[in-house]
Amino acid sequence: MTFTVATSAWSQVGVDVSDARNADEACTKAGLDWTVVESDLTDDTGSITGYKSLRRSDNGGLLSVMRNSYTPVNNDVVFRLLDPFIRDRSLTVDTATELEGGRKVILNFKINDLIADVTKDDPIEGYLNAYNGHDGLLSWGYGFHIYRLWCMNQQPRALSYQSRSGWQTDGGVVQLANNGKAIKFRHTRNVMEYAKNLPDIIDLKTRQFNTTLDELRYLASKPCDLTLFRRILDQTYAPQIKAGDHKDCTGLKFYDNLVQNFDAGVGSEAHRGTLYGAVQAVAEYHTHQSGRASDEIERARKRLNALWFGNGDTAINRCADTCLTLA
């Protein structure tokens, strides 16, 4: 099978660690083997009671200011939990990335053998992202992302998942995020206590992948013209249209990008004129084209942040949801 592989969103700003044998090697190679240093918070009058600063051990960069009760979790602790799956070849380390000066740290894993065609010779592949937050807002956990190999567009993840009994434990320390598409954990000293959940997490990715695959195959069988595509965009970007006081999607600054992607996006020959093509048009914009920074690398960082933690992922999933409703 021959296809053109575009540059992935994470490879533009991350470090290739695919030769790492474990999480420690990956972190060392990517320069993520620093720890969080806790210090008293002071000002001109002395110590500020009840708060502390969190800084990087390697360069002293400020990560956040938190209450004294907050317990930071170091990167190696989170990522080492996946070493058993590297050893049994369920996962292969792919890329390590830090965003916002290390406030968000991600280790990206290819899920071995999780690849399948949506249409003939048009494969998607599954990835697991282990992340750790040091900004006081993002906790730590594991998310799932699926990519189309023709163009590395991020695909919508499974649209539904019912949690098993027992996942909501310890007052919500273990939580399902994004309607069951990711697992997140509160920062706590008892990180290893939650390692027992990891086999279920790895199993969850297979069920999510298969659900998404069935949905995308269904959308690939349904026709879509420009008129229907505009209806899809109106619903996908309804919050932005309303906020910008537009009548419809044609008022969006990136509307022409979306139409160009629908008509002639990367690898669009395989699904042109279908609802799957509509999803790809939106996915291509948020995976490869969005961002306002003047520097391309900074734009890539912003896209990646939005894809994994923000409105880029939301827009792609809303588009897929709309297409399934209209199919």
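Hydrogens, waters and symmetry mates are skipped; everything else that's a heavy atom, side chains included, is used. We count residues from 1, following the sequence as given. Being a predicted model, the structure only gives us computed values, none of them experimental.
Looking at R301 and E98, no side-chain N of the basic residue comes within less than 4.0 Å of a carboxylate O on the acidic one, giving no salt bridge. K52 has no carboxylate O lying under 4.0 Å from a charged side-chain N of D40, or vice versa, which leaves the two without a salt bridge. The residues K29 and D19 are annotated as salt-bridged, a charged nitrogen and a carboxylate oxygen being separated by less than 4.0 angstrom. Electrostatic pairing of D248 and R230 does not count as a salt bridge here, judged by no charged N lying under 4.0 Å from a carboxylate O. Between R303 and E296 a salt bridge is recorded (basic side-chain N to carboxylate O distance below 4.0 Å).
Aromatic rings from Y131 and Y142 are positioned such that their centres are separated by 6.0 Å or more. The aromatic ring centres of H271 and W150 sit 6.0 Å or more apart. In summary, the aromatic rings of F85 and F109 are positioned with their centroids too far apart to meet the 6.0 Å limit.
Counting heavy atoms from C-beta outward, T322 and T325 have side chains that stay 4.5 Å or more apart.
Under the 30°/60° scheme for interplanar angles, the aromatic rings of Y237 and H286 are found to lie parallel. F262 and F229 have parallel rings, their planes meeting at less than 30° on a 0 to 90° scale where 60° marks the start of perpendicular.
When all heavy atoms of G101 and L63 are compared, the closest pair comes out as O-CD2, 3.9 Å.
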